[in-house]
**Student:** 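Handing you this structure, nothing more for now.
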Amino acid sequence: MSTLIHSPAWLALTAHQAEISQQTMREMFCDDPKRFNKFSLQLDGLLLDYSKNLITAETLELLLNLARQSKLDDWIARMFNGNKINTSEQRAALHTALRAPLNTSVYADGKDVVPDVHRVLDHIRVFSEAVRNNTLCGHTGKPFRDVVNIGIGGSALGPLMISEALKPYGSTQLNVHFVSNVDATDLAETLKRLDPETTLFIISSKTFTTLETLTNAHSARDWLVKHFGADEGVGKHFVAVSTNRAETSKFGIDSENVFEFWDWVGGRYSLWSAIGLPIALYIGMNNFERLLAGAHAMDEHFRKTPLEHNMPVILGMLGVWYANFFGAASYAILPYDQYLQHFPAYLQQLEMESNGKRADRNGQVVDYATGMVIWGEPGTNGQHSFYQLIHQGTRMVPADFLAPVTSHNPLGEHHSILLANCFAQTEALMLGKTSAEARTELELQGLSGEALEALLPYKVFPGNRPTNTLLFDRLDPYTMGMLVALYEHKVLVQSVIWDINAFDQWGVEFGKQLAGKLLPELQKNERVFVHDSSTNGLINHFLARRV
Ligand code: F6P
C-alpha cells in the first residue's frame with residue numbers, strides 16, 4: 001500500500017472533498033463577486049480562467065500542500081537541470097533545452113547542450129530556406145511542392161497538430177502531408193495526388209527501427225525509384241530526422257541530410273527539435289523560432305513562478321483534484337478554434353503515454369488513479385454530439401475550453417457566434433438548471449399539470465460541472481508554443497504527485513514486441529495453434545479468406 005493516500009496532505013483533501021461536495025459553484029459565485037479575479041491567471045496574452053472549478057481558496061491551499069509534500073519544486077528544478085528523471089531509461093527529459101536561447105546553458109551528462117541545439121536549428125534554417133526559396137530542388141531540377149513526413153506517434157502528432165494550427169502562416173507553395181499508419185491506405189491515398197519529381201520525404205524516427213515508419217519509408221522509396229527508374233533520386237528526395245545514423249545511412253540517406261536529435265528528447269516532447277522540420281518548412285524558420293520563444297516563455301513561468309500563480313501547476317493540480325478525489329476518469333479538450341482540430345489527439349499522446357502508468361517510481365503498483373483518458377473535438381461540433389453526456393450524464397467530465405479572442409478568418413458574425421457558444425457552455429455547465437427554473441421555463445411555454453411533470457426531470461441540469469477556459473489573443477506561433485508547453489508541464493506536475501515516470505512508455509514497447517512475433521505467422525500460409533483459441537481462430541479465419 002502506498003504512503004501517498006495516507007499522507008497528511010492527501011487525507012486533508014479527502015476530508016475537504018466531503019465538505020465541498022455540499023456546496024455548489026453557483027453559491028460560490030454568488031458569495032464572492034471577485035471569484036474570477038481570484039481564480040484566473042495571465043501570461044503574455046494567455047488567460048487561464050479556472051474559477052469555474054469546484055474549489056475554494058482552501059481547496060487550492062490544500063492542493064498546493066500536496067504539491068509541496070511531493071516536492072514539486074525540486075522535481076521542476078531537476079527536470080530543467082538535466083537530471084536523469086526518466087529513471088527506467090536512465091535519461092534526462094530536456095525538451096526545455098530545445099527552446100533555450102543561445103546565451104543560456106543547459107547541461108546533460110556534464111555537457112552544455114545549447115550549442116548543439118542551435119547548431120541543429122541552423123541546419124533546419126539553411127535547409128528549410130533553401131527548399132522554400134527553390135534553391136534546393138529535386139532530382140530533375142524542379143522545386144519541391146509537397147513534403148511528406150513519414151513518422152508515427154511523437155514523430156508525427158506534434159508536427160501535424162502545429163502545421164494545422166498555424167495554417168494561416170503556412171506556405172502557399174509548399175504542402176505538408178503526414179503519413180503514419182502502416183495501413184497502406186494512408187501512404188497510397190497521399191501519394192496518389194503527388195508528383196515524385198516535386199515531392200520531398202522526411203523520415204522521422206528517433207530510433208529508425210519503428211516498423212510502421214520503416215515500412216512506409218521503403219514503400220515511398222519504391223514509389224520514387226519506380227518513377228525515376230533508378231536509385232539516384234533517393235539522395236535528393238529523402239531526408240531523415242533520427243538519433244540512429246547507422247540505420248539512416250543503411251536506408252541510403254546522405255549524412256548531411258540527417259537532422260540530429262538526442263536521447264534526452266522524448267518522442268512526444270520532440271516537436272521543438274528537428275522533428276519539427278516539416279513545421280519549419282511549412283511556416284518558415286522565423287515562425288518556428290516564435291513557436292520556440294512562446295514555449296520558452298512558459299518554461300520560464302513554470303520554473304520561476306510561485307506555485308499559487310503558476311499556470312501548469314494550477315492546471316495539473318486541478319486534474320489531480322478530479323481524478324483522485326472525485327473519481328473522474330476522463331478529461332475533455334474542447335477547442336473553439338477549427339485550426340486546433342488535432343490538439344485533442346496531440347494531448348492524448350502527451351498525457352496518456354506519459355501518465356498512463358500503474359507502477360510508481362519504486363516499482364510498486366499504485367493504489368490510486370493516475371492519468372485520465374483525454375479526448376475531445378472542436379466546438380461547436382462537439383456540442384451536437386457528446387456534450388449531452390457532459391451536461392446530463394452520470395459521470396463527471398472536467399473540460400478545458402480554448403478559444404482565440406480574434407479569429408484569423410473574420411467573416412460576418414461567425415466569431416461572435418462561436419465565442420457566444422463557448423462562454424455559454426461553460427456557464428451552463430457551472431450553473432446547471434434547477435427544477436424550479438426548468439418548471440418556470442415549461443410554464444412559459446404553456447405546459448402545466450401532468451404534461452409538465454412528465455417532462456420536468458429531463459429538463460433539469462445538475463450543473464456544478466468543472467471547466468477551465470483558456471483565452472488567447474490570436475492563434476499565432478508564440479501562443480501555440482505557450483499552449484503546448486503549458487500542457488507538457490501540466491503532465492510533469494501530475495506525474496510528480498502520482499510518483500510515476502512521465503517519460504518512458506513500456507506499454508507501447510509491449511505492443512511493438514507482440515506484433516513482431518505474430519507477423520511471421522501471417523507471412524506463412526499455415527494454420528496456427530500456438531495461441532489462445534480466440535487468437536488462433538482470428539488468424540486462421542484471416543489466412544483462409546484472404547485474397
Ligand atoms: O508509440 C510509441 C513511441 O515510442 C512514441 O513514444 C514515439 O513517439 C513513437 O513510438 C515513434 O518512435 P520513433 O520516433 O522511434 O519512430
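Whatever order the structure lists them in is the order used to number ligands and atoms, beginning at 1. No experiment lies behind these values; they were computed from the predicted model shown.
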**Student:** Nearest non-hydrogen contact with atom 13 (P) of ligand 1 belongs to which option: T243, V241, T210, V508?
**Tutor:** T210
**Student:** Flag yes if more than 12 heavy atoms outside R358 fall under 6.0 Å of its CZ atom; otherwise flag no.
**Tutor:**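 Open: at most 12 neighbouring heavy atoms sit under 6.0 Å from CZ of R358.
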**Student:** Kindly say whether F503 contributes a backbone atom to a donor-acceptor pair with the side chain of N86 at under 3.5 angstrom?
**Tutor:**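 Side chain of N86 to backbone of F503, a donor-acceptor pair under 3.5 Å: yes, one is there.
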**Student:** Among side-chain atoms of T479 and D476, is any donor-acceptor pair under 3.5 angstrom?
**Tutor:** yes
**Student:** Any N or O of S205 that comes nearer than 3.5 Å to an N or O of ligand 1?
**Tutor:**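 Yes; the residue has a nitrogen or oxygen that sits under 3.5 Å from a nitrogen or oxygen of the ligand.
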**Student:** Below 6.0 angstrom between ring centroids: does that apply to Y169 and Y282?
**Tutor:**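 That pair fails the under 6.0 Å test.
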**Student:** For E212, state whether at least one heavy atom is located under 4.0 Å from any atom of ligand 1.
**Tutor:**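 Heavy atoms of E212 never come under 4.0 Å of ligand 1.
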**Student:** Cation over ring, R99 on W272, under 6.0 Å and within 45°?
**Tutor:**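 Checked: cation-pi criterion met.
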**Student:** Got the closest protein heavy atom to atom 9 (C) of ligand 1, with its distance?
**Tutor:** I152 O, 3.6 Å
**Student:** Below a 4.0 angstrom heavy-atom separation, can you tell me which part of T207, side chain or backbone, both or neither, approaches ligand 1?
**Tutor:**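 Answer for T207: both.
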**Student:** Which residue supplies the protein heavy atom nearest to atom 6 (O) of ligand 1, what is that atom called, and how far is it?
**Tutor:** E353 OE2, 2.6 Å
**Student:** Tell me the protein heavy atom at minimum distance from atom 3 (C) of ligand 1, and give that distance in Å.
**Tutor:**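 Answer for atom 3 (C) of ligand 1: K512 NZ, 4.1 Å.
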**Student:** Answer with yes or no whether the side chains of T207 and N244 bring together a donor and an acceptor at under 3.5 Å.
**Tutor:** no
**Student:** Using a strict cut-off of 4.0 Å, indicate which atoms of ligand 1 neighbour a heavy atom of Q349.
**Tutor:**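 Listed by number with element: 5 (C), 6 (O), 8 (O).
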**Student:** Does the side chain of S354 pick up a donor-acceptor pair with the side chain of R268 at under 3.5 Å?
**Tutor:** yes
**Student:** Using a plain distance cutoff, I'd like to know if G154 has any nitrogen or oxygen under 3.5 Å from a nitrogen or oxygen of ligand 1.
**Tutor:** yes
**Student:** Any idea which atoms of ligand 1 are less than 4.0 Å away from a heavy-atom of G153?
**Tutor:** 8 (O)
